Amino acid sequence: MSAKTYSAKDVESKWYAHWMEKNYFHSEPDEREPYTIIIPPPNVTGVLHMGHMLNNTIQDILIRKARLDGKNACWVPGTDHASIATEAKVVKKLREQGIKKSDLSRDEFMTHAFAWKEEYGGIILKQLQELGASCDWERTRFTMEPELYKAVIKVFVNLHKKGKLYRGLRMTNWDPAAQTVLSNEEVIHTEENKNLYHVRYKVAGTEDEYIVIATSRPETIPADTALAVHPDDERYKKYHGRKVIVPIANREIPIIADDYVAMDFGTGALKITPAHDMNDNALGEKYGLEVIDLLNPDGTLNENAIEFVGMDRDEARVEFVKLLKKTGDLLETKQYRTSVGRSERTNAVIEPRLTMQWFLKMDELAATALNAVESGDITFHPASMINMYRSWLKEENVRDWPISRQLWWGQRIPAYYYKDEIFVAETAEEALAEARRKLPAENLTMDDLQQDEDVLDTWFSSWLWPMSVFDGWKDSKELEYYYPTNDLVTGWDIIFFWVARMIMAGYEFSEELLGEAFAKEKGKMPFRNVYFTGMVRDEKRRKMSKSLGNSPDALELLKNYGADGVRFGMMRSAAAGNDIVFDAPIDQKTGKVLNESELCNQGKKFCNKIFNANRLIQSFEQSDKAPDPVTILAGKWLDAKLNHTVAETDRLLGEYRISEALSLLYNFIWGDFCSWYLEAIKPADGKLSKETYDFTISAFERMMIILHPFMPFITEEVWHELRERGEGEDCIVSRWPEASAYDAEIVKTFSVLQDIVSSTRDIRNQRKVSHRDALQLFIQRSDASEALLGATAGAKEFLMKSGVLSTVELTGDTPANALPFLVGNDKAYLVLNETIDRAAEAEKINAEIARLEGQVKGVEKKLANERFVANAPEAVVALERKKLADWTAKIESLRAMV
RNA sequence: GGUCGAUUAGCUCAGUUGGUUUAGAGCGUUGCAUUGACAUUGCAGAGGUCACUGGUUCGAGCCCAGUAUCGACCA
């Protein structure tokens, strides 16, 4: 006989290698119905974390279920190039080697970057294999590989031709560390302490009249071009239309009155610096103010600053404060909490800055994308996520998308400049040709054209993912088969970043790639369903993140509990959309996260339970004897339960209630199959009839198939143990069992029998009677009890075996020395070899009678209510009548016991 | 400040269009059980005014309004 405990490690590596060797994960278009998932491409710099495990477990469950359903299942994996993050890593590595980015040419840098990617990139994909992910690895894509690079360039040119791209000077979020523009979504706002400085500005034409402003950024004073107050503010009304003198700069600037100013914040007066504040910039446009830019791209002050030129903005702030103190213009310094924006990637404080950028017009795209979900073309799970989606995409919130990034690692913008002319084309040659057509007199050569130095935002690659991974921009053959994809599984935190933009791209390009007829027939959406996972949080509800160090090591968890165990642990507590609080405890001494988890351990135990169930079955000897009545009854019941479970699992998975489906299977396999069925058929002599053996194997086999999507390794292992299997026969590619009609009556009857067994066990526990002492059970003779014991073959024998009873008889008498309990509405007596404390028992029974009488009162009141009887559906009224009858009968039986 | 969501057992959470006797699960907890598939086990128990107030309804954990607390996203 095999070892007593299940060892996940060997089993998992064995079967993963086997599946790979058999190429089961690979998909090619054929005549079957496709089922497609594209992976949310993890960052190429990434390592597996809890979020990935949650997300990819769900995808693997869906894809394995589809495979078992006989569909052509295709799960496309890949990574994205993560412009900023990767470039930062490469720059850092080069620096360690003594190489500065500024010493390299663009091409040289790219060579280093690709080398880095080859060496370190995509570790995460290997780690996904340890989780059991059945991705089609032959289809692994990367957003910077040549074909996908080309797609991005084509899309840029396409959008430019349509007039959806423009270049403009805009207030943007500037990351001075990475020296690039970020989109709003890449800026993280948090509350931080800052100083608010009160600085006086002399009113022009006066000797001693000042307006005191409050600012957190005194270093930008030289860039002030106005002072603003609220029009209704009595304190400042007399100054409307006049001017003040900027301290240090000694320039006159106008006083403007605008209700943007909050009267109760600071002093009610604001300095306006259009070059360095988003809101000030808006005011500047409104009043036609001058724009003075005093920052260099790296965050140091330029010559417009007058003082401290070349100094970093933070140091300069300190120096300006000193200077203002000296001149007497600084009156007060106050601390306050305010929201500070920092770069998601570099953590540098974001500088609002005017820069020349490429933008994508979003109004039409956003309206289309919003409609795609509101019209039901795309369904969100959970549906409530549409609220967040709507708030992102509604007209008043949508902003044009700045798509340039001042980096090298990415698709270089295919825009070529000559003086004031811009030529956008897929290649430099085409751009030159276009330039020559437009400016024939200039005799242009390649050297006259300057290509844009910037690359495109990474999301500008990944928004094409559902189409680009099938090489949609090369030819439409594969796209025609796999598009639209079925399910997208992702976190709600990138609902706008990525989900919305993929929907935009789908509606913008799919018809161009696939033709009008295709779009009409199958739709333009990139996917039909979006399943939003929650965020994985720690005990303190903080999002698990690398920087906080509050996440357990995913690989350690896999090592400790096995992939099946971890998958179980993740899924058991993961209702769609709801955040999951992962139970990884924190070591009080070190403050470090332990790589432990009760949830995963439960999964590991479940594997062991299944493993041992098989050991038990294999330990039975098969014989020719006819099956006994208990076995026949238990078999009928299990068959009904199994059919019910298959149907329920189908239903729950269809509704994306994955967590519930797993709970159902856990309870069925552990509770119904192991605890009740196997105990019922367990033969005293170790010999099992062949018929029972065959049925048990067949049922167990079906259980392994329906559990397979959730826990692929243990199920594959046990499935192979159950029978001799031929070449190419594997659980992963078997067929999902069909749920046939089943006998619901047997389930009800059996559950009454189970209740009787539970009652006898309870009485044994209470009276401290050993489980091994066989007791006598008498049940009051009635129509119901006759039907239960008389008409159900094997019922009596089942009670004797599972309840450890020597006698089970119907009776009209009240046996002595017996403890009574209820079976349905009938009295039952368990005979004990001891004297019963009648008074104590009577007290208990009377308490139960009182409780039931309370309930009866409630129902009587309900039934006495004419409006209830008149308005409620007949079935509901009938049910209430049945309750009343049942309870009354019970009370009667209980009274008779006292 | 705006928007969205949450509040159910000690903890973490389910509870699918309002109606199924006593509102469920896992963990934790209490008691009992030890060589027999599995102590990674088995059996049983205790534990809840479904945040609060009001409304709609024959009927509310579920729908509506308000209050409180918490959270998230946006500004």
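What you are looking at is a predicted structure, and each value in this text was computed from that prediction instead of being measured. Just so it is clear: chains get the letters A, B, ... in the order the sequence lines come, proteins before strands, and each one is counted from 1.
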Grab the [atom1]-[atom2] distance between [X] and [N] for me, whole Å please.
| X | N | atom1 | atom2 | value |
| --- | --- | --- | --- | --- |
| A:F620 | B:C38 | CZ | P | 12 Å |
| A:L616 | B:G42 | CG | P | 13 Å |
| A:N608 | B:A39 | CG | C1' | 10 Å |
| A:L805 | B:C43 | CG | P | 16 Å |
| A:D755 | B:A44 | CG | P | 10 Å |
| A:F496 | B:C74 | CZ | P | 11 Å |
| A:L599 | B:A25 | CG | C1' | 12 Å |

Short N-O contact, [X] and [Y], less than 4.0 angstrom:
| X | Y | result |
| --- | --- | --- |
| A:E841 | A:R767 | yes |
| A:K882 | A:D886 | yes |
| A:R895 | A:E853 | yes |

Quick check against the 3.5 Å criterion: does A:S619 have a side-chain atom that pairs as donor or acceptor with the backbone of A:L616? yes
Please check if the side chain of A:R881 supplies one atom and the backbone of A:V876 the other of a donor-acceptor pair under 3.5 Å.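 No, because the side chain of A:R881 does not come within donor-acceptor range (under 3.5 Å) of the backbone of A:V876.
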Given [options], the nucleotide with the shortest approach to the side chain of [X]:
| X | options | result |
| --- | --- | --- |
| A:K605 | B:C74, B:U40, B:A44 | B:U40 |
| A:W887 | B:U21, B:C58, B:C27 | B:U21 |
| A:N765 | B:G31, B:G28, B:U16 | B:G31 |
| A:T5 | B:U40, B:A44, B:A37 | B:U40 |
| A:D762 | B:C58, B:A37, B:G45 | B:G45 |

Taking atom types as they are modelled, would you say the side chain of A:E660 forms a donor-acceptor pair with the base of B:A25 within the 3.5 Å cutoff?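 By the distance-only test, no, there is no pair.
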Counting distance alone, no hydrogens or angles: does the base of B:C38 have a donor or acceptor under 3.5 Å from a partner atom on the side chain of A:K4?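 Absent.
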Write out all pairs satisfying salt bridge (charged side-chain N to carboxylate O under 4.0 Å, His left out) with one or both partners inside residues 659-685 of chain A, taking only residues at least two apart or from two chains.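 The answer is A:K625-A:D685, A:K641-A:D672, A:R657-A:E660, A:E679-A:K682.
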Applying salt bridge (charged side-chain N to carboxylate O under 4.0 Å, His left out), which residue pairs with at least one partner in residues 598-607 of chain A are found, sequence neighbours left out?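 Qualifying pairs: none.
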Start at the 5' end of RNA chain B and walk down; is the nucleotide closest to A:N397 or to A:R867 reached first?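 With A:N397 and A:R867 compared, the 5'-side residue is A:R867.
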I want to confirm an ordering. Mapping A:Q766 and A:N614 to their closest nucleotides on RNA chain B, which one lands closer to the 5' end?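 Of the two residues, A:N614 wins.
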Only Watson-Crick and G-U wobble pairs with both distances less than 3.5 Å should count. Give RNA chain B in dot-bracket notation, marking inter-strand partners with |. (((((((..((((.....[....)))).(((((.......))))).....(((((..]....)))))))))))).
If you look at every strand shown and take non-hydrogen atoms under 4.0 Å, does A:C674 touch a base, only sugar-phosphate, or nothing?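 It contacts base atoms.
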